[in-house]
2 protein chains.
Amino acid sequence: MGRWEPDAQGRLARAAMELYIERGFDSTSVAEIAKRAGLTERTFFRHFADKREVLFGGSAGLQDLMVEAVRGAPKSAAPMAAVAAGLLATGPLFQDRREYARQRHAVIAANAELRERELIKLASLASALADALRGRGVNDPAASLSAEAGIAVFRVAFDRWIDISNKRDLTQLIRESLDELKAVTAAG
Amino acid sequence: MGRWEPDAQGRLARAAMELYIERGFDSTSVAEIAKRAGLTERTFFRHFADKREVLFGGSAGLQDLMVEAVRGAPKSAAPMAAVAAGLLATGPLFQDRREYARQRHAVIAANAELRERELIKLASLASALADALRGRGVNDPAASLSAEAGIAVFRVAFDRWIDISNKRDLTQLIRESLDELKAVTAAG
DNA sequence: AGGTCCGATGTCAGCTTCTGACATCAGAGT
DNA sequence: ACTCTGATGTCAGAAGCTGACATCGGACCT
């Protein structure tokens with residue numbers, strides 16, 4: 001046995017999530033999170049840059065996944081098709097996590113600061129996607145626009161997937177939203 | 001003469017902008033801003049919800065302008081065409097403010113918290129646009145997608161307008177970006 | 001075995017952002 | 001004159017976050 005209980009970061013993340021759900025994000029202090037995890041406030045800030053970051057640890061993985069899929073798309077694929085490949089690659093990642101996604105989504109939706117953080121993560125995603133497209137030889141502004149449009153599609157599809165009345169799977173919803181975007185821009 | 005110097009809010013905003021430019025956003029404290037404006041810290045927070053909000057006071061006006069233009073678009077206009085009308089309506093508002101826009105943009109770009117705040121303002125804009133479209137009888141997800149795509153276009157066009165090497169006017173850049181989006185989605 | 005070093009955590013002191021509660025007082029309205 | 005309002009000041013304090021330094025089990029070396 002080590003000097004401390006193992007997985008400090010995991011314990012902090014779980015304690016934080018519990019408290020955010022129990023009493024809301026604003027009403028839980030870092031001191032409380034640390035206490036529940038059996039650690040100190042200072043240690044919390046060694047594992048997470050700030051109180052919000054607890055909820056966004058997974059976003060780097062999502063980004064890598066999308067970027068790899070864009071990179072791996074057929075050379076002949078049009079920019080938007082490559083983006084579509086990126087979006088669709090994330091389906092499996094969320095496959096069995098709909099309930100968790102919904103809880104997390106509820107916590108974030110209830111708080112303006114968290115919504116801000118989520119938006120910047122998505123912006124970072126869009127930026128990474130645009131970079132990946134440029135790596136495929138796509139020029140700006142086509143690269144930026146395709147990436148931004150792709151993220152918009154992802155958001156819309158994800159929100160629909162989260163929606164309680166909706167039982168279709170994420171992949172399908174992404175496809176539908178892509179088609180909708182195509183229809184809408186063609187008609188404008 | 002009143003009990004206090006007039007235009008407290010304006011003085012605070014100017015003092016803040018000066019300091020943000022001089023020493024960066026992070027390195028200026030609210031106490032300093034208030035001191036330069038000849039007021040107290042507490043008064044700053046009566047005029048601005050937080051330290052960031054100083055830079056985003058105008059966004060409500062922008063939003064109203066866009067929404068009105070979407071509402072006023074011809075009944076026969078397709079969703080994306082109505083959005084385009086909204087975007088193009090903002091051209092005059094920025095006509096003679098390119099230098100200010102550039103300074104403000106530089107301050108925001110240099111700081112993650114400010115970028116977060118900017119993103120949420122744009123998201124609010126997208127949401128208002130989507131509402132306006134629904135008011136025209138456009139259903140979801142077409143309304144959300146058109147609005148999000150419109151904001152993406154606006155961002156891309158605005159960034160290009162800010163770009164020092166670029167002398168074209170905002171309206172023209174918006175038109176070009178709309179066409180690019182159309183091309184890109186049609187090809188995907 | 002003994003010694004040394006490392007890295008995760010603790011402790012403490014401090015700054016900054018932001019809020020609530022209450023005081024002050026010029027000017028407007030009566 | 002009297003009151004009332006609203007913008008500002010004053011004060012105290014919670015909470016987020018950071019730097020500096022201490023602690024000490026375990027890994028690694030000799």
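A, B, ... follow the sequence lines: proteins, then strands. Residue 1 opens every chain. Since we're looking at a predicted model, the values are computed, not measured.
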Q.
Using OP1 and OP2 only, check whether a side-chain N or O of H47(B) sits under 4.0 Å from dT8(D).
A. yes
Q: With heavy atoms under 4.0 Å as the rule, sort T28(A) into base, sugar-phosphate or nothing.
A: sugar-phosphate
Q.
Check the phosphate of dG10(C) against T40(A), side-chain N and O only, distance under 4.0 Å to OP1 or OP2. Yes or no?
A. yes
(Q) Is any side-chain heavy atom of V54(B) closer than 4.5 Å to one of L12(B)? (A) no
Q | Spacing between E53(A) atom CD and dG16(D) atom P, to the nearest angstrom | A | 16 Å
**Q.** Atom-pair distance (CD on E5(A); P on dG25(D)), nearest Å
**A.** 15 Å
**Q.** For atom CZ of F25(B) and atom P of dT16(C), their distance in whole Å
**A.** 14 Å
(Q) Using whole Å, what does the distance between atom P of nucleotide dG14(C) and atom CZ of F45(A) come to? (A) 19 Å
Q) Checking only heavy atoms, does the side chain of R42(B) share a donor-acceptor pair with the base of dG20(C) at less than 3.5 Å? A) yes
Q: Take the angle between the ring planes of F158(A) and F94(A) and call it parallel below 30°, perpendicular above 60°, tilted in between.
A: perpendicular
Q | Shortest non-hydrogen contact from R136(B) toward A77(B) | A | NH2-O, 3.3 Å
Q | Length of the line joining L12(B):CG and dA7(D):C1', which is rounded to integer Å | A | 12 Å
(Q) Rounded to whole Å, how long is the line connecting atom CG of D7(B) with atom C1' of dG6(D)? (A) 17 Å
Q.
Strictly below 4.0 Å, N to O, side chains only: are E118(B) and R52(B) in salt-bridge contact?
A. no
Q.
In whole Å, I'd like the distance from the CD atom of E41(B) to the C1' atom of dG9(D).
A. 13 Å
**Q.** Residue R3(A), side-chain atoms from C-beta onward, closest of dG7(C), dT8(D), dG6(D)
**A.** dG7(C)
Q.
Using a distance-only criterion (donor-acceptor N/O pair, under 3.5 Å, no hydrogens), is the base of dG6(D) paired with the side chain of R46(B)?
A. no
(Q) The side chain of W4(B) is closest to which nucleotide in this list: dC24(D), dG16(D), dG6(D)? (A) dG6(D)
Q: Please state how far atom CZ in F48(A) lies from atom P in dA15(D), giving the value in whole angstrom units.
A: 20 Å
Q. Should the pair R160(B)-D163(B) be classified as a salt bridge under the 4.0 Å nitrogen-to-oxygen rule?
A. no
Q | T43(B) side chain near dG9(D) phosphate (N/O to OP1/OP2, under 4.0 Å) | A | yes
